[in-house]
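A short write-up of the structure that comes next.
In what follows, residues are counted from 1 in the order of the sequence shown.
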Amino acid sequence: MHAGTRWLGYSTAHGAPVIGAVVAVLATANLFVPDLGLGWYADPTLIALGVAAILAFAAWLRTSGYLGTPHVLIGFTALAFVPGVLSAGANPYAQSKVLGLVGSFVMMLVVVQLLARERPRRHFVVALAILGIGVALFLSRYGETVTFLGRTSVAGLNPIGLGRMAALGALLASLAAMRTVGVRRLALVAVAIGAGVMAASTGSRGPVAAAALAAVLVALLVKREGSRILRILGVLLAGGLGLYLVAGLGLDDPGGIGRLLSGDSSGRNRLWADSMAVAFQHPAGIGFGNLYEHIALTPTMATTGDSQYTHNIFIETLVEGGVIALLGLVVLLVASYRSLRSDSTSPLGASILAVWFFALINANVSSDLVGNRLVWIMIGAGLALKLRDSQEARSALAVVTPWRRGRGAYLARGDATDSRARVRSADPE
(Lines give C-alpha, C1' and ligand atoms only; values in the text may rest on other atoms or scores of the structure.)
Protein backbone atom coordinates (compact mmCIF):
# COMPACT_ATOMS: atom_id res chain seq x y z
CA MET A 1 0.00 0.00 0.00
CA HIS A 2 1.41 3.36 -0.99
CA ALA A 3 2.51 5.87 1.59
CA GLY A 4 -0.20 8.40 0.79
CA THR A 5 -3.17 6.21 1.77
CA ARG A 6 -5.28 7.51 4.62
CA TRP A 7 -6.92 5.27 7.20
CA LEU A 8 -9.09 6.32 10.14
CA GLY A 9 -7.96 9.90 9.55
CA TYR A 10 -4.20 9.36 9.53
CA SER A 11 -1.58 8.03 7.16
CA THR A 12 -0.64 4.37 7.42
CA ALA A 13 2.94 5.57 7.70
CA HIS A 14 1.91 6.57 11.22
CA GLY A 15 -0.70 3.83 11.65
CA ALA A 16 1.71 0.91 11.29
CA PRO A 17 3.76 1.76 14.41
CA VAL A 18 0.55 2.16 16.40
CA ILE A 19 -0.73 -1.22 15.21
CA GLY A 20 2.58 -2.93 15.94
CA ALA A 21 2.80 -1.47 19.43
CA VAL A 22 -0.82 -2.27 20.31
CA VAL A 23 -0.52 -5.89 19.16
CA ALA A 24 2.78 -6.31 21.03
CA VAL A 25 1.21 -5.04 24.26
CA LEU A 26 -1.79 -7.27 23.69
CA ALA A 27 0.52 -10.27 23.23
CA THR A 28 2.67 -9.77 26.32
CA ALA A 29 0.94 -7.54 28.90
CA ASN A 30 -0.05 -10.54 31.02
CA LEU A 31 3.64 -11.42 31.46
CA PHE A 32 5.03 -8.25 32.98
CA VAL A 33 2.34 -5.68 33.84
CA PRO A 34 1.43 -5.77 37.55
CA ASP A 35 -2.13 -5.59 38.79
CA LEU A 36 -2.56 -1.99 39.88
CA GLY A 37 -5.95 -2.66 41.43
CA LEU A 38 -7.62 0.08 39.38
CA GLY A 39 -10.40 -2.09 37.97
CA TRP A 40 -11.15 -3.58 34.58
CA TYR A 41 -11.28 -0.20 32.85
CA ALA A 42 -7.53 0.27 33.53
CA ASP A 43 -6.51 -3.25 32.50
CA PRO A 44 -3.82 -2.95 29.77
CA THR A 45 -5.02 -6.12 28.04
CA LEU A 46 -8.59 -4.86 27.72
CA ILE A 47 -7.40 -1.43 26.59
CA ALA A 48 -5.09 -2.93 23.96
CA LEU A 49 -7.77 -5.39 22.82
CA GLY A 50 -10.33 -2.60 22.52
CA VAL A 51 -8.04 -0.41 20.42
CA ALA A 52 -6.92 -3.37 18.30
CA ALA A 53 -10.52 -4.51 17.74
CA ILE A 54 -11.52 -1.06 16.48
CA LEU A 55 -8.55 -0.93 14.11
CA ALA A 56 -9.19 -4.50 12.93
CA PHE A 57 -12.88 -3.84 12.30
CA ALA A 58 -11.98 -0.77 10.24
CA ALA A 59 -9.46 -2.84 8.27
CA TRP A 60 -12.07 -5.53 7.66
CA LEU A 61 -14.58 -2.97 6.39
CA ARG A 62 -11.96 -1.61 4.01
CA THR A 63 -11.79 -5.07 2.42
CA SER A 64 -15.58 -5.05 1.90
CA GLY A 65 -16.11 -7.52 4.72
CA TYR A 66 -14.00 -10.20 3.07
CA LEU A 67 -13.95 -13.55 4.87
CA GLY A 68 -11.15 -15.89 3.87
CA THR A 69 -9.64 -19.21 4.87
CA PRO A 70 -8.17 -17.88 8.16
CA HIS A 71 -11.61 -16.80 9.36
CA VAL A 72 -13.05 -20.20 8.49
CA LEU A 73 -10.24 -22.05 10.28
CA ILE A 74 -10.64 -19.95 13.41
CA GLY A 75 -14.41 -20.40 13.29
CA PHE A 76 -14.23 -24.19 13.00
CA THR A 77 -11.67 -24.41 15.81
CA ALA A 78 -13.88 -22.25 18.00
CA LEU A 79 -16.73 -24.70 17.37
CA ALA A 80 -14.41 -27.59 18.29
CA PHE A 81 -13.79 -25.90 21.65
CA VAL A 82 -17.51 -25.48 22.38
CA PRO A 83 -18.06 -28.90 24.06
CA GLY A 84 -15.26 -28.20 26.52
CA VAL A 85 -16.71 -24.77 27.22
CA LEU A 86 -20.21 -26.10 27.79
CA SER A 87 -18.91 -28.68 30.25
CA ALA A 88 -16.58 -26.24 32.01
CA GLY A 89 -16.52 -26.27 35.78
CA ALA A 90 -18.43 -23.87 38.01
CA ASN A 91 -15.33 -22.82 39.93
CA PRO A 92 -13.82 -19.34 39.50
CA TYR A 93 -10.77 -20.65 37.61
CA ALA A 94 -12.92 -22.46 35.04
CA GLN A 95 -15.16 -19.44 34.48
CA SER A 96 -12.21 -17.10 34.00
CA LYS A 97 -10.62 -19.65 31.69
CA VAL A 98 -13.70 -19.76 29.47
CA LEU A 99 -13.71 -15.96 29.22
CA GLY A 100 -10.00 -16.05 28.46
CA LEU A 101 -10.48 -18.58 25.67
CA VAL A 102 -13.17 -16.42 24.10
CA GLY A 103 -10.77 -13.51 24.29
CA SER A 104 -8.01 -15.61 22.71
CA PHE A 105 -10.12 -16.36 19.64
CA VAL A 106 -11.07 -12.69 19.35
CA MET A 107 -7.37 -11.80 19.52
CA MET A 108 -6.60 -14.18 16.67
CA LEU A 109 -9.26 -12.59 14.48
CA VAL A 110 -7.96 -9.13 15.33
CA VAL A 111 -4.35 -10.04 14.54
CA VAL A 112 -5.33 -11.68 11.26
CA GLN A 113 -6.69 -8.33 10.08
CA LEU A 114 -3.94 -6.13 11.48
CA LEU A 115 -0.74 -8.02 10.63
CA ALA A 116 -1.42 -8.94 7.02
CA ARG A 117 1.02 -6.31 5.74
CA GLU A 118 4.75 -5.94 6.15
CA ARG A 119 4.94 -2.55 7.89
CA PRO A 120 2.73 -3.46 10.88
CA ARG A 121 4.51 -6.82 11.18
CA ARG A 122 7.88 -5.10 11.26
CA HIS A 123 6.76 -2.67 13.95
CA PHE A 124 5.24 -5.56 15.90
CA VAL A 125 8.60 -7.34 16.06
CA VAL A 126 10.41 -4.12 17.00
CA ALA A 127 7.87 -3.46 19.78
CA LEU A 128 8.32 -7.01 21.13
CA ALA A 129 12.09 -6.52 21.20
CA ILE A 130 11.79 -3.17 22.99
CA LEU A 131 9.42 -4.60 25.60
CA GLY A 132 11.60 -7.66 26.19
CA ILE A 133 14.84 -5.68 26.51
CA GLY A 134 13.05 -3.12 28.66
CA VAL A 135 11.93 -5.81 31.11
CA ALA A 136 15.50 -7.16 31.24
CA LEU A 137 16.82 -3.68 32.04
CA PHE A 138 14.16 -3.22 34.71
CA LEU A 139 15.12 -6.56 36.26
CA SER A 140 18.79 -5.57 36.32
CA ARG A 141 17.99 -2.28 38.04
CA TYR A 142 15.12 -3.13 40.38
CA GLY A 143 15.13 -6.92 40.62
CA GLU A 144 15.08 -8.65 44.01
CA THR A 145 15.51 -12.29 44.98
CA VAL A 146 13.74 -12.41 48.33
CA THR A 147 10.12 -12.96 47.31
CA PHE A 148 10.77 -16.08 45.22
CA LEU A 149 13.72 -17.59 47.10
CA GLY A 150 16.60 -16.59 44.86
CA ARG A 151 14.61 -16.10 41.65
CA THR A 152 14.81 -12.52 40.40
CA SER A 153 11.51 -10.68 40.30
CA VAL A 154 10.08 -7.16 40.47
CA ALA A 155 7.02 -6.01 42.44
CA GLY A 156 6.14 -9.62 43.27
CA LEU A 157 5.52 -10.52 39.62
CA ASN A 158 5.80 -14.15 38.54
CA PRO A 159 9.45 -14.81 37.56
CA ILE A 160 8.27 -17.02 34.69
CA GLY A 161 6.58 -14.15 32.89
CA LEU A 162 9.53 -11.84 33.45
CA GLY A 163 11.88 -14.58 32.29
CA ARG A 164 9.90 -15.01 29.10
CA MET A 165 10.06 -11.31 28.33
CA ALA A 166 13.80 -11.06 28.95
CA ALA A 167 14.45 -14.21 26.89
CA LEU A 168 12.31 -12.85 24.07
CA GLY A 169 14.36 -9.67 24.10
CA ALA A 170 17.57 -11.73 23.99
CA LEU A 171 16.27 -13.80 21.07
CA LEU A 172 15.25 -10.82 18.94
CA ALA A 173 18.43 -8.88 19.76
CA SER A 174 20.56 -11.84 18.70
CA LEU A 175 18.67 -12.20 15.42
CA ALA A 176 19.08 -8.47 14.77
CA ALA A 177 22.82 -8.71 15.50
CA MET A 178 23.13 -11.33 12.81
CA ARG A 179 22.04 -8.81 10.19
CA THR A 180 24.34 -5.99 11.20
CA VAL A 181 28.10 -5.39 11.22
CA GLY A 182 30.72 -3.61 13.24
CA VAL A 183 29.92 -1.69 16.40
CA ARG A 184 26.18 -2.13 16.02
CA ARG A 185 26.57 -5.91 15.96
CA LEU A 186 28.75 -5.85 19.07
CA ALA A 187 26.21 -3.65 20.85
CA LEU A 188 23.33 -5.96 19.94
CA VAL A 189 25.29 -9.04 21.04
CA ALA A 190 25.98 -7.34 24.37
CA VAL A 191 22.28 -6.51 24.75
CA ALA A 192 21.33 -10.09 23.91
CA ILE A 193 23.79 -11.50 26.45
CA GLY A 194 22.57 -9.10 29.11
CA ALA A 195 18.93 -9.94 28.48
CA GLY A 196 19.77 -13.65 28.49
CA VAL A 197 21.53 -13.30 31.82
CA MET A 198 18.52 -11.58 33.36
CA ALA A 199 16.22 -14.26 31.93
CA ALA A 200 18.38 -16.92 33.56
CA SER A 201 18.38 -15.04 36.87
CA THR A 202 14.62 -15.57 37.15
CA GLY A 203 15.28 -19.30 37.47
CA SER A 204 12.81 -20.02 34.66
CA ARG A 205 14.26 -22.75 32.50
CA GLY A 206 11.53 -22.78 29.86
CA PRO A 207 12.10 -19.27 28.45
CA VAL A 208 15.88 -19.67 28.22
CA ALA A 209 15.59 -23.07 26.52
CA ALA A 210 12.81 -21.79 24.25
CA ALA A 211 14.92 -18.86 23.04
CA ALA A 212 17.90 -21.10 22.31
CA LEU A 213 15.79 -23.75 20.55
CA ALA A 214 13.91 -21.14 18.53
CA ALA A 215 17.19 -19.71 17.24
CA VAL A 216 18.49 -23.17 16.36
CA LEU A 217 15.26 -24.16 14.58
CA VAL A 218 15.29 -21.00 12.50
CA ALA A 219 18.97 -21.62 11.71
CA LEU A 220 18.12 -25.10 10.44
CA LEU A 221 15.09 -23.98 8.44
CA VAL A 222 16.50 -20.77 6.97
CA LYS A 223 19.71 -22.09 5.45
CA ARG A 224 20.81 -18.72 4.17
CA GLU A 225 21.17 -17.43 7.72
CA GLY A 226 21.96 -20.62 9.56
CA SER A 227 25.72 -20.33 10.06
CA ARG A 228 25.51 -16.78 11.37
CA ILE A 229 22.70 -17.59 13.77
CA LEU A 230 24.60 -20.56 15.14
CA ARG A 231 27.72 -18.46 15.69
CA ILE A 232 25.79 -15.78 17.54
CA LEU A 233 23.90 -18.38 19.53
CA GLY A 234 27.19 -19.90 20.59
CA VAL A 235 28.49 -16.51 21.67
CA LEU A 236 25.30 -15.85 23.65
CA LEU A 237 25.35 -19.17 25.46
CA ALA A 238 29.07 -19.12 26.18
CA GLY A 239 29.11 -15.45 27.15
CA GLY A 240 26.05 -15.68 29.37
CA LEU A 241 27.26 -18.78 31.16
CA GLY A 242 30.76 -17.35 31.52
CA LEU A 243 29.41 -14.15 33.04
CA TYR A 244 27.41 -16.14 35.55
CA LEU A 245 30.38 -18.29 36.51
CA VAL A 246 32.68 -15.30 36.90
CA ALA A 247 30.15 -13.25 38.87
CA GLY A 248 28.92 -16.25 40.84
CA LEU A 249 25.33 -15.04 40.49
CA GLY A 250 22.85 -17.35 42.13
CA LEU A 251 24.99 -20.50 42.11
CA ASP A 252 24.47 -21.04 45.83
CA ASP A 253 20.79 -20.07 45.84
CA PRO A 254 17.82 -22.44 45.56
CA GLY A 255 16.59 -20.25 42.72
CA GLY A 256 18.34 -18.37 39.92
CA ILE A 257 20.94 -20.18 37.87
CA GLY A 258 21.10 -23.04 40.35
CA ARG A 259 17.49 -23.88 39.60
CA LEU A 260 18.07 -23.28 35.91
CA LEU A 261 20.75 -25.96 35.77
CA SER A 262 18.93 -28.48 37.94
CA GLY A 263 17.29 -31.55 36.44
CA ASP A 264 14.12 -31.17 38.49
CA SER A 265 10.96 -31.26 36.34
CA SER A 266 8.89 -29.50 39.05
CA GLY A 267 6.45 -32.41 38.96
CA ARG A 268 5.66 -31.96 35.25
CA ASN A 269 6.38 -35.59 34.32
CA ARG A 270 3.91 -36.98 36.84
CA LEU A 271 1.33 -34.32 36.01
CA TRP A 272 1.53 -35.10 32.29
CA ALA A 273 1.26 -38.85 32.90
CA ASP A 274 -1.78 -38.42 35.17
CA SER A 275 -3.41 -36.04 32.69
CA MET A 276 -2.91 -38.40 29.76
CA ALA A 277 -4.52 -41.19 31.78
CA VAL A 278 -7.55 -38.94 32.30
CA ALA A 279 -7.60 -38.09 28.60
CA PHE A 280 -7.76 -41.76 27.60
CA GLN A 281 -10.70 -42.24 29.96
CA HIS A 282 -12.52 -39.12 28.65
CA PRO A 283 -11.79 -38.70 24.91
CA ALA A 284 -14.53 -36.06 24.63
CA GLY A 285 -12.83 -33.98 27.33
CA ILE A 286 -13.63 -33.28 30.97
CA GLY A 287 -14.45 -29.60 30.45
CA PHE A 288 -12.18 -26.61 30.79
CA GLY A 289 -11.05 -25.93 34.33
CA ASN A 290 -12.05 -29.35 35.70
CA LEU A 291 -8.63 -31.00 35.92
CA TYR A 292 -8.42 -30.66 39.71
CA GLU A 293 -11.36 -33.07 40.06
CA HIS A 294 -9.63 -35.86 38.15
CA ILE A 295 -6.03 -35.98 39.41
CA ALA A 296 -4.38 -36.50 42.77
CA LEU A 297 -3.06 -33.19 44.05
CA THR A 298 0.37 -32.98 45.62
CA PRO A 299 0.74 -30.75 48.70
CA THR A 300 2.24 -28.03 46.50
CA MET A 301 -0.57 -28.26 43.95
CA ALA A 302 -3.21 -28.21 46.67
CA THR A 303 -2.15 -24.71 47.65
CA THR A 304 -3.57 -23.38 44.37
CA GLY A 305 -6.95 -25.07 44.80
CA ASP A 306 -8.99 -25.49 41.62
CA SER A 307 -6.46 -23.62 39.45
CA GLN A 308 -4.90 -26.79 38.05
CA TYR A 309 -3.62 -27.22 34.49
CA THR A 310 -1.12 -29.43 32.71
CA HIS A 311 1.49 -26.81 31.72
CA ASN A 312 1.27 -28.18 28.17
CA ILE A 313 -1.26 -26.77 25.71
CA PHE A 314 -1.57 -29.99 23.69
CA ILE A 315 -2.24 -32.19 26.71
CA GLU A 316 -4.42 -29.48 28.26
CA THR A 317 -6.56 -29.16 25.13
CA LEU A 318 -6.86 -32.94 24.82
CA VAL A 319 -7.81 -33.67 28.42
CA GLU A 320 -10.13 -30.69 28.94
CA GLY A 321 -11.46 -29.96 25.43
CA GLY A 322 -11.29 -33.43 23.91
CA VAL A 323 -9.85 -34.96 20.76
CA ILE A 324 -11.82 -32.68 18.41
CA ALA A 325 -10.57 -29.55 20.17
CA LEU A 326 -6.99 -30.82 19.93
CA LEU A 327 -7.40 -31.46 16.20
CA GLY A 328 -8.69 -27.92 15.75
CA LEU A 329 -5.71 -26.47 17.60
CA VAL A 330 -3.27 -28.56 15.55
CA VAL A 331 -4.90 -27.42 12.30
CA LEU A 332 -4.47 -23.77 13.32
CA LEU A 333 -0.84 -24.33 14.27
CA VAL A 334 -0.01 -26.18 11.04
CA ALA A 335 -1.73 -23.56 8.87
CA SER A 336 0.04 -20.69 10.60
CA TYR A 337 3.41 -22.46 10.54
CA ARG A 338 3.20 -23.19 6.81
CA SER A 339 2.51 -19.53 6.05
CA LEU A 340 5.31 -18.30 8.32
CA ARG A 341 7.74 -20.90 6.97
CA SER A 342 7.11 -19.80 3.37
CA ASP A 343 7.77 -16.18 4.40
CA SER A 344 10.88 -16.92 6.48
CA THR A 345 13.37 -16.24 3.67
CA SER A 346 13.32 -12.55 4.63
CA PRO A 347 14.95 -11.31 7.85
CA LEU A 348 11.57 -10.12 9.14
CA GLY A 349 9.94 -13.44 8.32
CA ALA A 350 12.73 -15.36 10.06
CA SER A 351 12.29 -13.24 13.20
CA ILE A 352 8.54 -13.79 13.29
CA LEU A 353 9.01 -17.53 12.81
CA ALA A 354 11.51 -17.52 15.70
CA VAL A 355 8.94 -15.81 17.96
CA TRP A 356 6.36 -18.42 16.85
CA PHE A 357 8.71 -21.24 17.92
CA PHE A 358 9.55 -19.41 21.14
CA ALA A 359 5.89 -19.04 22.08
CA LEU A 360 4.99 -22.65 21.23
CA ILE A 361 7.92 -24.16 23.12
CA ASN A 362 7.09 -22.13 26.22
CA ALA A 363 3.45 -23.14 25.96
CA ASN A 364 4.39 -26.79 26.27
CA VAL A 365 6.26 -26.48 29.55
CA SER A 366 4.49 -23.75 31.48
CA SER A 367 1.18 -21.89 32.05
CA ASP A 368 -2.21 -22.72 30.53
CA LEU A 369 -4.14 -22.05 27.34
CA VAL A 370 -5.09 -18.54 28.40
CA GLY A 371 -1.77 -17.61 29.99
CA ASN A 372 0.07 -18.56 26.80
CA ARG A 373 -1.46 -15.63 24.98
CA LEU A 374 1.56 -15.12 22.73
CA VAL A 375 0.80 -18.46 21.05
CA TRP A 376 -2.63 -17.25 19.94
CA ILE A 377 -1.15 -13.97 18.71
CA MET A 378 1.52 -15.77 16.68
CA ILE A 379 -1.08 -18.14 15.20
CA GLY A 380 -2.92 -15.02 14.08
CA ALA A 381 0.31 -13.58 12.65
CA GLY A 382 0.75 -16.70 10.53
CA LEU A 383 -2.87 -16.79 9.37
CA ALA A 384 -2.60 -13.09 8.49
CA LEU A 385 -0.19 -14.06 5.69
CA LYS A 386 -2.72 -16.57 4.43
CA LEU A 387 -5.34 -13.82 4.41
CA ARG A 388 -3.00 -11.57 2.46
CA ASP A 389 -2.38 -14.27 -0.13
CA SER A 390 -6.08 -15.07 -0.52
CA GLN A 391 -6.90 -11.39 -0.95
CA GLU A 392 -4.28 -11.04 -3.66
CA ALA A 393 -5.58 -14.16 -5.42
CA ARG A 394 -9.11 -12.75 -5.18
CA SER A 395 -7.86 -9.51 -6.68
CA ALA A 396 -6.11 -11.24 -9.55
CA LEU A 397 -9.31 -13.08 -10.48
CA ALA A 398 -11.41 -9.92 -9.99
CA VAL A 399 -14.06 -11.73 -7.97
CA VAL A 400 -16.80 -9.21 -7.18
CA THR A 401 -19.40 -9.88 -4.48
CA PRO A 402 -22.97 -9.17 -5.62
CA TRP A 403 -23.79 -6.62 -2.93
CA ARG A 404 -20.97 -4.34 -4.10
CA ARG A 405 -22.48 -3.87 -7.55
CA GLY A 406 -24.80 -1.17 -6.33
CA ARG A 407 -21.77 0.77 -5.16
CA GLY A 408 -20.04 0.62 -8.53
CA ALA A 409 -18.20 -2.66 -8.82
CA TYR A 410 -15.29 -2.91 -11.21
CA LEU A 411 -14.46 -5.59 -13.75
CA ALA A 412 -11.00 -6.94 -14.30
CA ARG A 413 -9.01 -5.54 -17.18
CA GLY A 414 -6.99 -8.71 -17.45
CA ASP A 415 -4.08 -7.09 -15.68
CA ALA A 416 -3.39 -8.97 -12.44
CA THR A 417 -0.93 -6.36 -11.29
CA ASP A 418 -3.50 -3.60 -11.63
CA SER A 419 -6.21 -5.52 -9.78
CA ARG A 420 -3.80 -6.53 -7.02
CA ALA A 421 -2.88 -2.87 -6.53
CA ARG A 422 -6.58 -2.02 -6.13
CA VAL A 423 -7.05 -4.44 -3.28
CA ARG A 424 -3.82 -3.34 -1.60
CA SER A 425 -4.97 0.26 -1.72
CA ALA A 426 -8.21 -0.78 -0.01
CA ASP A 427 -6.51 -2.98 2.59
CA PRO A 428 -4.67 -0.76 5.07
CA GLU A 429 -1.27 -1.67 6.35
Criterion side-chain contact (heavy atoms from CB on, under 4.5 Å) on S87 and E320, from CA distance to verdict:
CA-CA 9 Å; S87 56; E320 297 187 17; over 6 Å; no

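- Counting only residues at least two apart or on different chains, no salt bridge (charged side-chain N to carboxylate O under 4.0 Å, His left out) pair has a member in residues 186-198.
- Summarising the geometry of S339 relative to L385, their closest heavy-atom pair is O-CD1, 3.5 Å, with the distance given to 0.1 Å.
- Two residues are said to be in side-chain contact when any heavy atoms from C-beta on lie closer than 4.5 Å; T310 and V319 meet this criterion.
- Using a 4.0 Å cut-off between charged nitrogen and carboxylate oxygen, E118 and R388 do not count as a salt-bridge pair.
- N290 approaches I286 most closely through the heavy-atom pair ND2-O, 2.8 Å.
- Applying the side chain to side chain contact (heavy atoms under 4.5 Å, CB included) criterion to F138, with sequence neighbours excluded, gives Y142, V154.
- Residue pairs meeting the side chain to side chain donor-acceptor pair (under 3.5 Å) criterion with at least one partner in residues 69-81, sequence neighbours excluded, are H71-Q113.
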Between V365 and H311, is a side-chain contact (heavy atoms from CB on, under 4.5 Å) present by the stated rule, with each step listed?
CA-CA 5 Å; V365 294; H311 295 273; over 6 Å; no

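- Annotation: salt bridge (charged side-chain N to carboxylate O under 4.0 Å, His left out) contacts involving residues 153-174, sequence neighbours excluded, are absent.
- Put simply, the side chain of Y337 reaches to within 4.5 Å of the side chain of F357, judged on heavy atoms.
- The only option from I361, N362, L360 that meets the side chain to side chain contact (heavy atoms under 4.5 Å, CB included) definition with N364 turns out to be L360.
- Minimum interatomic distance between A166 and M198 (heavy atoms only, all atoms of both residues): CB-C, 4.4 Å.
- Residues L332 and M108 form a side-chain contact, since some pair of their non-hydrogen atoms from C-beta on lies under 4.5 Å apart.
- Nearest approach of L162 to L139, heavy atoms of both residues: CD1-CD2, 3.9 Å.
- Here side chain to side chain donor-acceptor pair (under 3.5 Å) pairs that include residues 132-141, with residues two or more places apart or in two chains, number zero.
- Not less than 6.0 angstrom separates the ring centroid of Y66 from the ring centroid of W60.
- Residues V189 and A177 share a closest heavy-atom pair of CG2-CB, 3.9 Å.
- Looking only at side-chain heavy atoms (C-beta outward), P83 and I324 stay at 4.5 Å or farther from each other.
- E316 is listed as a side-chain neighbour of K97, based on a closest heavy-atom distance under 4.5 Å.
- The minimum heavy-atom distance linking R122 with L348 is given by the pair CA-CD1, 3.7 Å.
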Distance-only criterion, 3.5 Å: show the donor-acceptor pairs between side-chain atoms of residues 18-29 and protein atoms not counting sequence neighbours.
| unit_1 | atom_1 | unit_2 | atom_2 | d |
| --- | --- | --- | --- | --- |
| T28 | OG1 | A24 | O | 2.9 |

